[in-house]
Amino acid sequence: MATRGFVLYLLSGFSVAIVSVLFINKNNNVDHNSTLLNSPYLSSADKVWPELELNWRLVLATVIGFLGSACGTVGGVGGGGIFVPMLTLIVGFDTKSAAAISKCMIMGASTSSVWYNLRVPHPTKEVPIIDYDLALLFQPMLMLGITVGVSLSVVFPYWLITVLIIILFIGTSSRSCYKGIAMWKEETVLKRELTRNQETLVNSRGELLIDTEYDPLVPREEKSELNDLVACSTLYWVLFGFQFPVAVLVFGYEATKLYKEHKKRMSTGNTEAICEASIQWSPLNIAFCALCGILGGTVGGLLGSGGGFILGPLLLEFGVIPQVASATATFVMMFSSSLSVVEFYLLKRFPIFYALYLMGVSILAGFWGQYFVRKVVSILKRASIIVFILSGVIFASALTMGVVGIETSIQMIHNHEFMGFLDFCSSQ
């Protein structure tokens, strides 16, 4: 019930913000055509791409990028909310190019994290730590939402994107923090019980008690031509539209599989969960998952922040333990961010060499972030640490992107710039 209320909060907040653009259009007498070409915030023709050279800006961006990628991948959110302000304020990129480069960094960090997690055991079961059923369920809708979000990022005005950022990040960080506090309390009770049980090795019946420890979450030793694609051309719309039926078919296959398996187990009295999510796989819940996947992907493509900002907290709400939620969200994010990178590459939104450098930094950060934090979790036996990292990254993103966005929007208002929706084809 709380999850549905949270999604209702997001949908209502987003709807009010988007509808308000229509009201502003009626009261905005600025000439759209003349202002659009002169605005440094709205015009994609006026790209700001600094040179890749060794200076204090590059060094600071490297440090922030490394820390943001490390924490972001552990929380399963990517870190785009930290990367975009860093790239605009410190490095000097324009906002839309910064969003595109942040996706490249998220792709690098999530790829290295997935490689790491493939070698990590599940903390309580003899199954992979990545829940592939949940990943396959959310992946198609998330990638579909990414495509829509990237397109909307061209159309939506800058101030609207800022409002959407604040609504999303405050809501998700609050929910994640609440979830983390609840888990911390449960872990405290569990640790007290374990300590009490370990004080005696034999119970009242004389039976030997065997202390069971979780396996530590550390890796086990092994035993083109599209670049010339013109926006709004026939080929562009064919490729754009082709993604919709493919995404629906893949989602329908996995949803049908989960529904039939759930129905079969219920008929035999088997209450064991099919996957890590402890929910009933009814048609209503499956449709709800599809809505959340599309919403998460759209937000990721629109803000350049990664769909993990919704998927990570959502998996926790579904009863998935933090280690699995983080690994699964990162796995899904690897594919969704890759699609965003392709979309932005076709739109010529980022410089190749700068993106490759920051992607390399994120790859290293993703690996070491996973190793360090999971080592801490295995020692302290508090998986809630991952939830607090998730909440902290989202809240930091809300502060940085919110402050920068408000400041820029105020400056746009003072300059009497156009504040309404932009034309998709002419804005690229």
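Using a 4.5 Å heavy-atom cutoff, the side chains of His122 and Pro128 are not in contact. Taking 4.5 Å as the limit, some side-chain heavy atom of Pro351 sits within range of a side-chain heavy atom of Ile101. With contacts defined as side-chain heavy-atom distances shorter than 4.5 Å, the pair Asp133/Glu254 qualifies. Within the 4.5 Å cutoff, no side-chain heavy atoms of Phe251 are placed close to those of Leu144. The shortest distance between side-chain heavy atoms of Tyr357 and Thr62 falls below 4.5 Å. The closest side-chain heavy-atom distance from Val320 to Asp131 is not below 4.5 Å. Side-chain contact between Cys177 and Phe395 is absent, with no heavy-atom pair separated by less than 4.5 Å. Looking only at side-chain heavy atoms (C-beta outward), Leu58 and Val91 stay at 4.5 Å or farther from each other.
The structure places CD of Gln411 at 14.0 Å from CD1 of Ile406, a figure rounded to the nearest 0.5 Å. A distance of 10.0 Å separates CG of Leu284 from SG of Cys289, quoted to the nearest 0.5 Å. Atom CE of Met105 is separated from atom CZ of Phe350 by 13.0 Å, given to the nearest 0.5 angstrom. Note that the CD atom of Glu187 and the CD1 atom of Ile385 stand 8.0 Å from one another [nearest 0.5 Å]. Atom CD1 of Ile286 is separated from atom CG of Leu258 by 6.5 Å, given to the nearest 0.5 angstrom. Remark: Leu60 CG to Trp56 CH2 distance equals 6.5 Å, nearest 0.5 Å.
Counting only distance, with no hydrogens or angles, the side chain of Ser326 and the backbone of Gln323 share no donor-acceptor pair below 3.5 Å. At distances below 3.5 Å, at least one donor-acceptor pair connects side-chain atoms of Arg57 with backbone N or O atoms of Ile90. Side chain of Arg382 to main chain of Val377: no donor-acceptor pair is present (N/O by atom type, distance under 3.5 Å, no hydrogens or angles).
Across all non-hydrogen atoms, the minimal contact from Pro121 to Ile129 is O-CD1, 4.0 Å. Between Pro50 and Val48 the shortest heavy-atom distance is CD-O, 3.6 Å. Nearest heavy-atom pair, Ala247 versus Pro140, reported as atom, atom and distance to 0.1 Å: O-CB, 3.2 Å. Considering all non-hydrogen atoms of both residues, Trp281 and Tyr259 come closest at O-CD1, 3.2 Å. Annotation for Ser113 and Gly366: closest pair OG-O, 3.4 Å, computed over non-hydrogen atoms. Smallest separation of non-hydrogen atoms from Ala98 and Thr88: CB-CG2, 3.6 Å.
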List the steps and the verdict of ring pair (Phe, Tyr, Trp, His ring centres under 6.0 Å) for Phe93 and Tyr354. CA-CA 11 Å; Phe93 281 98; Tyr354 223 120; 5.0 Å; yes
Going through the distances and angles, do Phe66 and Ser362 end up as a side chain to side chain contact (heavy atoms under 4.5 Å, CB included)? CA-CA 6 Å; Phe66 186 91; Ser362 298; over 6 Å; no
Test log, rule side chain to side chain contact (heavy atoms under 4.5 Å, CB included), inputs Val120 and Ile130: CA-CA 9 Å; Val120 173; Ile130 300 175; over 6 Å; no
Under the side chain to side chain contact (heavy atoms under 4.5 Å, CB included) rule, what do Ile410 and His414 come out as? Steps first, then yes or no, please. CA-CA 6 Å; Ile410 292 175; His414 289 167; 3.6 Å; yes
Mind running side chain to side chain contact (heavy atoms under 4.5 Å, CB included) on Tyr345 and Ile352 for me, showing each step along the way? CA-CA 9 Å; Tyr345 175 74; Ile352 302 297; 3.7 Å; yes
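Aromatic ring centres of Phe367 and Tyr116: separated by under 6.0 Å.
In this structure, a donor-acceptor pair under 3.5 Å is absent between the side chains of Tyr132 and Thr328.
Counted within 6.0 Å of CZ on Phe244, heavy atoms from surrounding residues, nucleotides or ligands total more than 12; the atom is thus considered enclosed. Around atom CD of Glu51, no more than 12 heavy atoms belonging to other residues, nucleotides or ligands sit under 6.0 Å away.
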